[in-house]
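Computed from a predicted structure; not experimentally measured.
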Amino acid sequence: MPSVAVKLYSVFFKFLLKHRLQNRFQNTADDSVNGRLNKDFGVTTRPDESVVAANPVFTDGVATKDIHIDPSTSLSVRIFLPETALSSEPRSKTRVFNRRVDAIVEDSGSNLHRRNSFGPSSVDLGNGDHSLRRSSYGNVGGGNGGYRGYLPSIEHSKGDKLRKLPVMLQFHGGGFVSGSSDSVANDFFCRRIAKYCDVIVLAVGYRLAPENRYPAAFEDDTFGASMVEPWLAAHADPSRCVLLGVSCGANISDYVARKAVESGKLLDPVKVVAQVLMYPFFIGSVPTHSEIKLANSYFYDKPMCVLAWKLFLPENEFSLDHPAANPLIPNRGPPLKLMPPTLTVVAEHDWMRDRAIAYSEELRRVNVDAPVLEYKDAVHEFATLDMLLKTPQAQACAEDIAIWVKKYISIRGHEFSY
């Protein structure tokens with residue numbers, strides 16, 4: 001069971017969340033009456049959200065930078081650039097980490113006690129020894145480690161070759177009504193993922209409801225425009241793109257993956273090779289076992305999540321079987337067999353877990369690599385919530401994601417095609 005501290009914090013968290021959601025319902029009603037609701041420009045963060053400024057100097061092996069994709073809608077991304085991008089080869093610790101990843105993926109004789117994998121295509125992730133599964137990098141080139149990516153030619157003039165790293169699009173959680181790409185918690189999580197996966201992370205700051213309801217968050221597009229940014233032009237390999245969504249961000253990730261499949265070569269050179277769905281915000285009109293048994297679960301209980309859906313979906317489209325909410329409704333294209341490999345992370349004490357597992361089972365049924373990692377004694381957002389980020393379980397989750405992702409972004413997996 002979760003610790004006493006987690007239980008107490010959950011009670012306090014739910015009290016504040018309920019109060020904020022009810023206030024947004026009231027504010028939405030007031031704005032509609034007074035004609036102040038803006039359908040185009042929207043907020044990407046809330047005043048009550050603790051945010052951290054971008055830092056172009058390498059701190060703990062990662063430099064960050066904010067860019068605005070579309071000022072008319074406030075769409076933005078925060079770039080997380082690992083220091084390994086400044087050298088032609090990964091540093092020694094990274095090579096050790098990669099060898100450990102290969103060994104763990106190939107080892108089929110053991111299981112970690114904190115997770116279960118579902119289905120024949122599940123990945124066995126090793127024996128629990130994490131002594132070599134960490135990567136930390138020192139400054140490259142001396143000095144204060146400041147990134148000179150605005151002028152990549154300077155690096156070339158010194159004889160250094162810049163590495164082309166895979167790209168990960170990350171969509172934060174918050175029930176479509178809160179959260180941000182530059183929050184303290186999301187910044188910490190993305191730094192961790194950038195280092196462990198050795199990828200450039202683009203954390204998307206999408207428009208929030210109720211100021212901008214569906215499909216605003218789903219249609220905020222970061223492909224193309226962001227790729228001309230100097231940091232990315234110098235270091236990114238868009239042909240190895242991974243999507244990672246957290247909670248409601250997983251719903252967005254799955255939508256983007258579907259659109260990528262439908263677009264095909266129109267997205268070239270961007271190619272989505274895999275996606276990670278972390279405790280997706282799925283729901284449906286026919287409740288699952290976990291939706292009944294765990295309806296009053298920790299942090300995000302079902303009644304409050306339904307309130308969030310009412311704030312996000314237009315009133316004339318509200319349905320728990322809306323395509324944005326339920327991934328298993330009939331005739332939702334494209335065919336699942338065309339979807340990219342999909343890793344799903346679920347928590348034991350999360351009422352949304354069963355539908356996420358069911359979606360993964362449907363993907364496996366059509367031969368898509370779609371393992372599920374279930375974390376025991378874990379709650380919704382156990383690896384991304386502010387107070388839980390530094391727990392061993394949160395770190396282990398990031399390490400496990402890196403192990404699986406590296407199968408599809410490694411050089412030898414570069415030619416993967418779906």
Side-chain angles (χ1 to χ4, degrees), residues 115-125 169 171 173 214-215 218 241-264 271-295 297 302 305-306 309 313 319-348 350-375 378 380 397 400-401 404-405 407-408 416-418:
R115 64 180 68 79
N116 292 326
S117 296
F118 295 81
S121 60
S122 344
V123 181
D124 189 346
L125 296 175
L169 280 184
F171 303 92
Y214 176 88
F218 281 63
C241 180
V242 177
L243 308 175
L244 185 150
V246 175
S247 191
C248 69
N251 298 46
I252 299 175
S253 173
D254 191 63
Y255 173 87
V256 173
R258 290 171 183 268
K259 289 301 179 182
V261 170
E262 292 174 349
S263 300
K271 185 173 181 60
V272 176
V273 299
Q275 71 167 335
V276 179
L277 307 180
M278 299 184 68
Y279 20 82
F281 201 62
F282 296 154
I283 197 171
S285 60
V286 179
T288 65
H289 177 71
S290 65
E291 289 174 4
I292 296 172
K293 181 180 178 181
L294 302 172
S297 55
K302 186 175 179 180
C305 290
V306 171
W309 279 110
L313 294 174
S319 167
L320 297 183
D321 287 326
H322 190 282
N326 189 345
L328 296 175
I329 59 171
N331 303 316
R332 183 174 183 244
L336 289 182
K337 66 181 180 180
L338 300 179
M339 291 292 284
T342 301
L343 173 67
T344 301
V345 174
V346 297
E348 180 183 13
D350 182 3
W351 65 265
M352 295 175 246
R353 61 182 294 278
D354 282 1
R355 201 172 301 272
I357 293 171
Y359 181 45
S360 182
E361 289 172 345
E362 289 300 311
L363 290 171
R364 286 198 303 277
R365 192 167 287 130
V366 291
N367 298 317
V368 174
D369 181 23
V372 172
L373 298 181
E374 179 179 16
Y375 290 79
H380 190 80
C397 180
D400 296 340
I401 289 171
W404 187 83
V405 164
K407 292 200 307 176
Y408 294 102
F416 170 75
S417 174
Y418 58 85

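Side-chain contact between Y279 and M352 is absent, with no heavy-atom pair separated by less than 4.5 Å. For the pair V242/V273, a side-chain contact is recorded, criterion being any heavy-atom separation below 4.5 Å from C-beta on. Proximity of T288 to I357: side-chain heavy atoms (C-beta onward) are nowhere separated by under 4.5 Å. In this structure, P323 and I329 have side chains that are in contact, with non-hydrogen atoms separated by less than 4.5 Å. Using a 4.5 Å heavy-atom threshold, the side chains of V372 and R364 count as touching. Put simply, the side chain of W404 does not reach to within 4.5 Å of the side chain of L373, judged on heavy atoms. Taking 4.5 Å as the limit, some side-chain heavy atom of V261 sits within range of a side-chain heavy atom of P340.
Annotation: the span from E348 atom CD to E374 atom CD amounts to 6.0 Å, rounded to 0.5 Å. If you take CG on L363 and CG on L343, they are separated by 11.5 Å, rounding to the nearest 0.5 Å. Atoms CG and CH2, on N251 and W309 in that order, are 5.0 Å from each other to the nearest 0.5 Å. Between the CZ atom of F282 and the OG atom of S247 there is a distance of 10.0 Å, given to the nearest 0.5 Å. Between the CG atom in N367 and the NZ atom in K337 there is a gap of 10.0 Å [rounded to 0.5 Å]. Once rounded to the nearest 0.5 Å, the distance linking CD of Q275 with CG of L169 reads 11.5 Å.
Judged by distance alone, with hydrogens and angles left aside, the side-chain atoms of D369 form no donor-acceptor pair with the main-chain N or O of P341 at under 3.5 Å. Judged by distance alone, the side chain of S290 and the main-chain N or O of D354 form a donor-acceptor pair under 3.5 Å.
Shortest non-hydrogen contact noted between W351 and S297 is CD1-OG, 3.2 Å. S319 approaches A325 most closely through the heavy-atom pair O-CB, 4.5 Å. Heavy atoms only, all atoms of each residue included: P287 and K302 are closest at CB-NZ, 4.0 Å. L243 and V256 make their closest contact through CD1-CG1, 3.9 Å (heavy atoms, listed as atom of the first residue, atom of the second, distance).
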| task | Start with the C-alpha gap between D400 and Y375, add the side-chain angles, then the distance that decides, and say whether side chain to side chain contact (heavy atoms under 4.5 Å, CB included) holds. | result | CA-CA 11 Å; D400 296 340; Y375 290 79; 2.8 Å; yes

| C397 and V345: side chain to side chain contact (heavy atoms under 4.5 Å, CB included), yes or no, with the steps? | CA-CA 8 Å; C397 180; V345 174; 4.0 Å; yes

| said: Run L336 and R258 through side chain to side chain contact (heavy atoms under 4.5 Å, CB included) and show every step you take. | reply: CA-CA 9 Å; L336 289 182; R258 290 171 183 268; 3.7 Å; yes

| task | Could you please spell out the steps behind the side chain to side chain contact (heavy atoms under 4.5 Å, CB included) verdict for Y359 and T344? | result | CA-CA 9 Å; Y359 181 45; T344 301; 5.7 Å; no

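At a threshold of 4.0 Å, the pair R332-D254 counts as salt-bridged, since one of the basic side-chain nitrogens sits closer than that to a carboxylate oxygen.
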